[in-house]
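Here's the structure, in structure tokens; my notes come after.
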Number of protein chains: 2
Amino acid sequence: MSGAISKATARRLPMYLRYLKGKAADGQEYVSSAAIATDLGCSAVGVRKDLALISSAPGKPRFGFEVKSLVADLERYLGYHRFASAVIVGAGGLGRAMLSYDGFENYGIRVVAAFDNSPAKVGAVAGKPVYPMERLPEIVKRNHVEVGILTVPRSSAQAACDEMVRAGIGAILNFAPVYLSVPEGVRVKCEDLAVPLAQLCEGLAVSDK
Amino acid sequence: MSGAISKATARRLPMYLRYLKGKAADGQEYVSSAAIATDLGCSAVGVRKDLALISSAPGKPRFGFEVKSLVADLERYLGYHRFASAVIVGAGGLGRAMLSYDGFENYGIRVVAAFDNSPAKVGAVAGKPVYPMERLPEIVKRNHVEVGILTVPRSSAQAACDEMVRAGIGAILNFAPVYLSVPEGVRVKCEDLAVPLAQLCEGLAVSDK
DNA sequence: TATATATCGATAAAAATTTATCGATTCGGG
DNA sequence: CCCGAATCGATAAATTTTTATCGATATATA
């Protein structure tokens with residue numbers, strides 16, 4: 001069952017996918033666990049264990065794993081069992097950057113639109129619409145949006161969060177550097193852009209190794 | 001010694017800091033491990049263990065921990081033993097958003113400037129300068145920059161990365177969805193904005209619990 | 001065809017992390 | 001002044017995750 005994948009492994013899968021896509025683009029057919037481990041800075045045994053969990057075809061001795069097949073497996077695992085719609089609340093610099101980011105499709109996520117209070121921000125970015133906040137409930141309902149990305153300034157984060165919850169959004173990815181309080185049942189994941197950078201700076205980097 | 005903090009704990013510290021700052025802003029003097037755990041969705045025992053590692057003052061039975069003191073301890077731990085300078089390469093949407101992001105100071109990181117190939121992007125954002133790529137080595141050297149944030153499109157990522165390495169940058173935070181190859185000794189940490197979102201979408205969220 | 005080698009997959013050991021338990025401490029209320 | 005509730009800190013158990021070991025397998029090459 002797909003639920004049998006540990007948290008630690010699940011965190012690494014996207015890394016493999018990205019790496020393998022690079023190899024595929026280079027025209028490489030096979031890749032060994034040792035090569036992956038060296039390049040990604042983790043252990044070969046760990047790589048094999050992780051891949052064993054999602055790979056449909058076994059690795060071939062003396063060759064390694066077939067890149068194309070692994071990519072397919074990873075994409076299936078990472079994006080298969082869902083096709084979620086998301087909205088962005090806050091069309092400032094970060095919000096607009098995410099609106100034009102093209103990496104979400106890989107994970108089965110469709111960013112529907114962005115919202116902002118400021119009339120100046122309303123319009124479109126990268127072909128995606130930016131609506132005034134009032135229209136949030138309507139759009140959420142119509143598109144069955146379950147996930148919201150919060151990219152407003154710290155001061156308006158809680159208010160925007162409340163609006164999202166009222167509109168029926170059940171999971172929020174919060175980029176504002178504040179703690180949000182939400183009603184029972186709503187999931188929040190905080191993401192602070194400074195954190196990975198800080199980890200990188202640490203002498204003892206807390207890498208995802 | 002400060003090196004005795006486990007990776008798992010180190011990953012959680014920023015979360016505590018943010019949460020506690022919120023409480024401090026609300027004027028709350030004390031907070032119990034149980035309250036933190038409930039709000040943050042983790043276990044109270046874990047919270048106590050984590051805090052024990054960085055807290056200078058012990059928690060008070062019947063009250064909990066002193067918020068102000070914990071904030072000070074966390075800030076000291078997270079940002080004290082370094083003061084790193086960073087640059088941003090790629091002044092597109094994400095790059096500019098990060099240039100105007102004010103959360104880096106909390107972690108002892110100073111973003112010095114951004115760089116871009118396109119003359120149209122050169123100028124200033126949020127009071128920080130945007131230089132043409134040619135000036136990267138000079139600025140890096142002058143400011144002793146050790147860390148670079150890579151926010152260019154996928155296609156130019158490797159080239160930009162190479163330039164950063166040549167300029168003397170030893171650690172790179174990569175936001176482009178590609179695998180970068182770097183010489184021995186250079187650290188790379190990849191950050192894909194879609195990943196946390198994907199985790200949030202998963203039925204079995206891989207939260208940082 | 002036989003052999004050496006690179007690689008896998010499985011099992012086992014070690015390490016790290018989380019969770020549980022429990023006595024000790026402090027304060028508020030009777 | 002004593003009792004009970006709330007909370008901590010420490011120790012111990014359980015779980016998860018990583019790392020090590022080793023035989024099996026497939027391929028290239030002599």
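All values reported here derive from a predicted model rather than from experimental measurement. Letters A, B, ... mirror the listed sequences (proteins, then strands); counts begin at 1.
- Contact check for B:V195 versus A:Y107: side-chain heavy atoms found under the 4.5 Å cut-off.
- The distance between atom CZ of A:R11 and atom P of C:dT17, rounded to the nearest whole Å, is 11 Å.
- The CZ-P distance, from B:F63 to D:dA5, rounds to 17 Å in whole Å.
- Within 4.0 Å of B:S33, counting heavy atoms only, lie sugar-phosphate atoms of the nucleic acid but no base atom.
- The side chain of B:F65 sits closest to D:dC8 out of D:dT21, D:dC8, C:dG9.
- Distance B:L53 CG to C:dA16 P: 14 Å, rounded to the nearest Å.
- The nearest whole Å value for the distance from the CG atom in B:D50 to the P atom in D:dA10 is 14 Å.
- Taking the side chain as every heavy atom from C-beta outward, A:I172 and A:V165 approach each other to under 4.5 Å.
- Residue B:F115 forms a side-chain contact (heavy atoms from CB on, under 4.5 Å) with just one option from B:V130, B:I88, B:L136, and that option is B:L136.
- B:Y16 has its side chain out of reach of B:L70: every pair of non-hydrogen atoms, C-beta onward, lies at least 4.5 Å apart.
- A salt bridge links A:E75 to A:K21: one of the charged nitrogens lies within less than 4.0 Å of a carboxylate oxygen.
- In this structure, the helix from C:dT1-D:dA30 to C:dG30-D:dC1 shows an angle of 10° between the axis at its start and the axis at its end, each fitted on 5 base pairs and rounded to 10°.
- Take B:R135 and apply the salt bridge (charged side-chain N to carboxylate O under 4.0 Å, His left out) test, not counting sequence neighbours, and it matches B:E138.
- Within the 4.5 Å cutoff, no side-chain heavy atoms of B:D192 are placed close to those of A:N106.
- The distance between atom CD1 of A:I54 and atom P of C:dG9, rounded to the nearest whole Å, is 11 Å.
- Along DNA chain D, the nucleotide closest to A:P61 and the one closest to A:G46 are compared, and the more 5′ of them pairs with A:G46.
- Considering only the side chain of A:K60, D:dT27 comes nearest among C:dT17, D:dT27, C:dC8.
- Looking at B:E29 and B:F63, their side chains never come closer than 4.5 Å, going by heavy atoms from C-beta outward.
- The interatomic distance linking B:E66 (CD) with C:dT26 (C1') rounds to 16 Å, in whole Å.
- In terms of polar N and O atoms assigned as donor or acceptor, the side chain of A:R62 never comes within less than 3.5 Å of the base of D:dA28 in a complementary pairing.
- You'll find that the side chain of A:S32 is closest to C:dC8, out of D:dT19, C:dC8, D:dC8.
- For C:dA16, the OP1/OP2 oxygens have no side-chain nitrogen or oxygen of B:S6 closer than 4.0 Å.
- For the pair A:R12 CZ and D:dT18 P, the computed distance is 4 Å after rounding to whole Å.
- A close approach under 4.0 Å does not occur between any side-chain nitrogen or oxygen of A:R48 and OP1 or OP2 of D:dT18.
- Comparing A:G59 and A:K49, the nucleotide of DNA chain C nearest to each residue sits closer to the 5' end for A:G59.
- Distance, A:E29 CD to C:dT7 P: 16 Å, rounded to whole Å.
- A:S43 has no side-chain polar atom (N or O) that falls below the 4.0 Å cut-off from OP1 or OP2 of D:dT18.
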